[in-house]
Amino acid sequence: MTCCEVCGNDYELAFTVETKDGARHVFDCFSCAIHRMAPICEHCRVQIVGQGVEADGQFFCGAHCAREEGKVGIVDKVGSLA
Ligand SMILES: [Zn+2]
Ligand SMILES: [Zn+2]
């Protein structure tokens, strides 16, 4: 059996997330996965569940927060498709 590494729930439908550096994480639900895996916005500290933006190795929930932290030239990609 596999136990969720966040809440310890022993759940037969638990799933594994494998990151690109080869680490494996086991979760029983997406909210636990988000709790463990989602990056934190460097500006407003919200957990980033959507795409977010990355600048200089830092994650932000959106271009607005990136700009607030002095990152220039960041624009939201969402909605920019023709
Ligand atoms: Zn869990
Ligand atoms: Zn933010």
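Along the sequence shown, residues carry numbers from 1. This one's a predicted model, so the numbers in the text were calculated from it and none came from an experiment. In each ligand, atom 1 is the first atom listed, and ligand 1 is the first ligand listed.
- His35 and Val6 get closest at one heavy-atom pair: CD2-CG1, 3.7 Å.
- For the atom pair CZ of Phe27 and SG of Cys7, the computed distance is 10.0 Å after rounding to the nearest 0.5 Å.
- Pairs engaging residues 20-37 under the salt bridge (charged side-chain N to carboxylate O under 4.0 Å, His left out) rule: Glu5-Arg36, Glu18-Arg24 [sequence neighbours left out].
- The SG atom of Cys4 sits 7.0 Å away from the CG atom of Asn9 when rounded to the nearest 0.5 Å.
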Residues 58-71, side-chain donor-acceptor partners within the protein, below 3.5 Å, at least two apart:
unit_1, atom_1, unit_2, atom_2, d
Gln58, OE1, Lys71, NZ, 2.9
Arg67, NH1, Ile74, O, 3.2
Glu69, OE2, His43, ND1, 2.6
Lys71, NZ, Asp56, OD2, 3.3

CA sep, side-chain torsions, deciding dist, call: Phe15, Phe30, side-chain contact (heavy atoms from CB on, under 4.5 Å): CA-CA 9 Å; Phe15 58 96; Phe30 282 110; 3.9 Å; yes

Any chance you could lay out the side-chain contact (heavy atoms from CB on, under 4.5 Å) test for His25 and Thr16, step after step, and finish with the verdict? CA-CA 5 Å; His25 300 280; Thr16 302; over 6 Å; no

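- Here the protein contributes Cys41 SG, Cys44 SG, Cys61 SG, Cys65 SG as N, O or S atoms under 2.8 Å from the Zn ion (ligand 2).
- Less than 2.8 Å away from the Zn ion (ligand 1), the protein contributes these N/O/S atoms: Cys4 SG, Cys7 SG, Asp28 OD1, Cys32 SG.
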Show your working on side-chain contact (heavy atoms from CB on, under 4.5 Å) between Thr2 and Glu12 and close with a plain yes or no. CA-CA 7 Å; Thr2 41; Glu12 63 181 9; over 6 Å; no

